[in-house]
Structure formats: structure tokens, C-alpha cells
There are 2 protein chains.
Amino acid sequence: MTPDDQPLGLRELKKRQSRMAMHRAALELVLEHGLGGVTVEAIAQRAGVSTRTFFNHWSTKESAIIGVLSAADEEIAARLRHQVHETGPREALRTVMREAISSAPFDPEVRELRKQVMAKEPKLHSLSSGNLLSVQTEMVAVLAGVLDGDDAHERAMLSVQIGFAVTRAAFSTSMARGIDLGTAFDDVLARYDEGDEVF
Amino acid sequence: MTPDDQPLGLRELKKRQSRMAMHRAALELVLEHGLGGVTVEAIAQRAGVSTRTFFNHWSTKESAIIGVLSAADEEIAARLRHQVHETGPREALRTVMREAISSAPFDPEVRELRKQVMAKEPKLHSLSSGNLLSVQTEMVAVLAGVLDGDDAHERAMLSVQIGFAVTRAAFSTSMARGIDLGTAFDDVLARYDEGDEVF
DNA sequence: TCCGAACATTGCAGTCACTGCACTATTTCA
DNA sequence: TGAAATAGTGCAGTGACTGCAATGTTCGGA
């Protein structure tokens, strides 16, 4: 899907290492001191960067914990824009959202840290996708563009909101059952499609 | 529903006036200077209270703009706990959520302000219910308590998340069509129930 | 009607997330 | 190798939010 694996200059390499260091540091510190007991300063220090640099990579403290880059928004929106033409709005939305949460080519150590953090701080479940306010807006715009009718925007909004709802639920389920996010997403989606006793 | 209209002491009266003053001030200032151009200090000053007092009533700056009291959480959860026994989980959830967003015995002036603010600051649409992190957790707990099976918690989570999704979409729709929140909620819900091309 | 308990308001000092800016260090590539 | 592009950093500042201790206001009973 993103076959740009080769062009890894020194610059790009360092960037990734640095980001991973911050993400890992953030996770470790939350485990040690709890969500409220962690300062950006502490994260930056453990990762070996300045606090200013921290904010050059992550838009908020939480985003570093979750591991959502501030730059990811546009990628996701672009991905959706493309996919919509392939499979139609409904499937595109599902595909992109599943990708967005399960895409994590992380080393297993960080994966394990994530699990523990999520278990310790349930507040992060909702935050995890709640942070993505801007991507939400963009996704709605993309979907509204391909829907018909004067209520296109409204229908797009509902779709995206439900998509995020499923995503959030997937986070939670992933935690509770100790399974990976992709699988959890599928499970929740199946439950949703049954439409039984949901909402 | 809440027939406690009589016991209005001086204390309670002042409290409500003060809260309304803050809410109104917040709305006005957002209209004047935009969401980012408003400080809590400015809101408090226009409402005639100290900033410290402001935070005794609202948990965040945004909650004052939206008009969601920090104390509302427990009420809503309690309401759900009661309603669940009346109509079952699904209907209870719908009922309580509809109440929660449409409950606004405000004077029309404030209603109008709200509309304008929502139109000017789309960011608030998602924020509006996103703020209610704690109530979300409590609602899940309540629902999980009455559901069967070992996946009760997960099903409850999905239900609540979708409920909030519908709510957020209702906010947006209410704005776009200039209709009141209750009606918008019903519309969105109808669209959701059709299950057509949603997600 | 007056008093004490309960509760609301306030000022103050402090912490911390986050930003703009100007500057330095590193990487790239011609 | 040198200049342009990009990343890191220090610094100063803003503003949200909190705990605490003091003060003011309302309430209910004797």
C-alpha cells in the first residue's frame, strides 16, 4: 500500500528513531507514573530530545502516548479519497479506518507497552481516536463529495462518526481480549453488522 | 421528568443566574473573537465572576461554551440507570441521550447564540459530546451491568459509542438545517435505523 | 431575629501544555 | 565542498487548570 520503503536517508532514519524513542518513553512513563503523572518534559528528556522538538513531532502529549503522528491526518484523508473510487464510500471508509488503527509495524516490545498502558488508563480508549478531530473533518468532506443529495454532508457526518465509534469500541475490545487492533476491529464490525441489541 | 422546580432558594437562583451569565458570555465572546481568541479570564470578567469561580462551575473552557455542566455527568448516568429498568437497554440509551442533548430550557436568545457559535466553529460539533468522557464511562458501566454474557462490557461499549456518534451527527445536522437538537436527533436516528449507506 | 453550619466566591501561587521566534546543527545534493 | 533544505534547540511568553486558605453569603433552627 505504501511501498516507499527504500528511500531511507539518514535524515528520515533519525526522524523515525527519534519518534519511536519519544513514543516509547511516553508509554513507559505512563506505566510508571500514570497518565496524570507524566510531563512532556519528562518524556522528552527520556527520549533525549528537547521539549520543543517533542512538539515538532506530536501535536499533543496524548498523541505521543497513542502514537498518532500529527502528520498522519492528511495521509489518511488522501487514502480515503483514493479508496472511495475503488470500492465506494461505505467499504472505503471501513477499509481506511481499519488500516488506520491496525497499521503499526512496531516492534513487539512497544506493542506490549501499548497494551499495558491501555489497560492501565482506560481514559485513553476514547482519547485515542478522539484526538483526530481534523482527520474527522477531512474525511467527512471527502465522503460528502461523492455522495448525492443535498443531505450528503449530513450522511457523511453520520457515517464517519459511526466509523469512529466502531474504532473506539475496537480499541476497548482489543484491550479486554488482548487481541490486536485489526482483529478487534473486525470483531466489533461483525457485531455491528448483526445489528442486534446495539443501539 | 425533573419536577424539582419549587425548591429554588436564593442560593440556587444565584447559582443558575451566574452559570447562565458565564455561558452567555462564553458564547458572545466566541462569536466576537473566535474560539481561539477567547480566554477564560475574558469570559469570567464579562460574566462578573473570578476565573477561579469559573472553574468551580465548568470543568473546561469548552464546556462553558457548549453549556455542559461538570455536574451533569452523574445525573445522566443515574437517569440511565433508572430508565434501563423501564424500557430495556436500547431504548433507555436512546431516550437518555436524546434528553441529554435537547434538554435546554434556555431563553431563546441563548439558543440563537448557540446556533451562531456552532455555525462559526465546527470544531465544537465534535467537542460538544467528546467532552463527556466520564459520563461515557459511567454509561458503559450501567449498560454492562444489565447485559448478559461475558462480552457484556464490549457490547455496552459499542452501544454507547454509537450513541455518541449519533449525538455528534445530530449536533452537526441541527446546525446545518437550523433545527433544534431534539428534532435533529430524531432525524439522524431515523437515518441510522434505515441502515442505508451509513457505515 | 440571631447564630452557627454549610456553601459559594475569591486571590494567590504554582504547574504544565503549547506556541512563535530566532538561532544553530545536521543532512542533502549538485 | 558549499549552499540550500531541513531538523533541533533555547527562550520567553500565554493561558488553562489546580490546591489552598481566607472571606463572604445563604440557610435553617433555636
Side-chain angles (χ1 to χ4, degrees), chain A residues 4 6-23 25-26 29-30 33-66 68-71 121 123-124 127 130-131 133-134, chain B residues 4 6-23 25-26 29-30 32-66 68-71 73 121 123-124 127 130-131 133-134:
Chain A
D4 48 318
Q6 282 321 82
L8 272 194
L10 218 188
R11 197 180 231 131
E12 190 61 23
L13 187 91
K14 277 193 174 179
K15 195 195 280 189
R16 293 191 188 194
Q17 285 178 341
S18 177
R19 279 174 178 172
M20 185 59 93
M22 291 186 244
H23 181 40
L29 285 168
V30 169
H33 306 115
L35 187 52
V38 176
T39 67
V40 168
E41 196 181 343
I43 299 174
Q45 186 177 342
R46 181 169 296 195
V49 296
S50 70
T51 69
R52 194 60 188 81
T53 297
F54 176 94
F55 284 110
N56 285 340
H57 290 269
W58 318 93
S59 55
T60 64
K61 183 177 78 170
E62 283 77 15
S63 71
I65 300 171
I66 311 286
V68 177
L69 289 169
S70 52
E121 304 287 344
K123 195 181 289 189
L124 287 173
L127 243 55
N131 246 21
L133 238 163
S134 58
Chain B
D4 47 316
Q6 281 322 83
L8 271 194
L10 218 189
R11 182 117 91 216
E12 191 61 22
L13 186 91
K14 277 193 174 179
K15 196 195 281 188
R16 292 190 188 193
Q17 284 178 341
S18 177
R19 279 174 179 171
M20 186 59 92
M22 291 186 243
H23 180 41
L29 285 168
V30 169
E32 291 170 22
H33 306 115
L35 187 52
V38 177
T39 67
V40 169
E41 196 181 343
I43 298 174
Q45 186 176 343
R46 181 169 296 196
V49 296
S50 70
T51 70
R52 194 60 189 81
T53 296
F54 177 94
F55 284 110
N56 285 340
H57 290 269
W58 317 94
S59 55
T60 65
K61 182 177 78 170
E62 283 76 14
S63 69
I65 300 171
I66 310 287
V68 178
L69 290 169
S70 52
D73 291 16
E121 304 287 344
K123 194 181 290 188
L124 287 173
L127 243 56
N131 246 21
L133 238 163
S134 57

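Just so it is clear, the model here is predicted, and its values are computed rather than measured. Proteins come first, then strands; the chains are lettered A, B, ... in the order of their sequence lines, and each starts at number 1.
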N or O in side chain of B:His57 less than 4.0 angstrom from C:dT9 OP1/OP2:
yes

Would you confirm whether A:Lys61, through its side chain, and A:Ala26, through its main-chain N or O, come within 3.5 Å as a donor-acceptor pair?
no

Would the distance check show the side chain of A:His23 and the main-chain N or O of A:Ala64 forming a donor-acceptor pair, the cut-off being under 3.5 Å?
yes

Could you check how far CE of A:Met22 sits from P of D:dA7, rounded to whole Å?
12 Å

For atom CG of A:Leu35 and atom C1' of C:dA17, their distance in whole Å:
13 Å

For residues [X] and [Y], determine if any side-chain heavy atom of one lies less than 4.5 Å from a side-chain heavy atom of the other.
{"X": "A:Arg19", "Y": "A:Trp58", "value": "yes"}
{"X": "B:Ile66", "Y": "B:Ser63", "value": "no"}
{"X": "B:Arg16", "Y": "B:Glu12", "value": "yes"}

Taking B:Met22 as the fixed residue, which of B:Ile65, B:Val40, B:Val49 is the one that meets the side-chain contact (heavy atoms from CB on, under 4.5 Å) rule?
B:Val49

Heavy-atom contacts, protein to nucleotides 25-30 of chain C, under 4.0 Å, summarised as B (base), S (sugar-phosphate only) or - (none) per nt, yield -BBS--

A correct 5'-to-3' footprint of nucleotides 9-21 of chain D, with B, S and - meaning base, sugar-phosphate only and no protein heavy atom under 4.0 Å, is BBB---SSBBBB-

Sequence neighbours left out, what passes salt bridge (charged side-chain N to carboxylate O under 4.0 Å, His left out) with A:Arg52? Give chain and number order.
none

Quick one: NZ on A:Lys15 to CG on A:Leu10, what's the gap to the nearest 0.5 Å?
13.0 Å

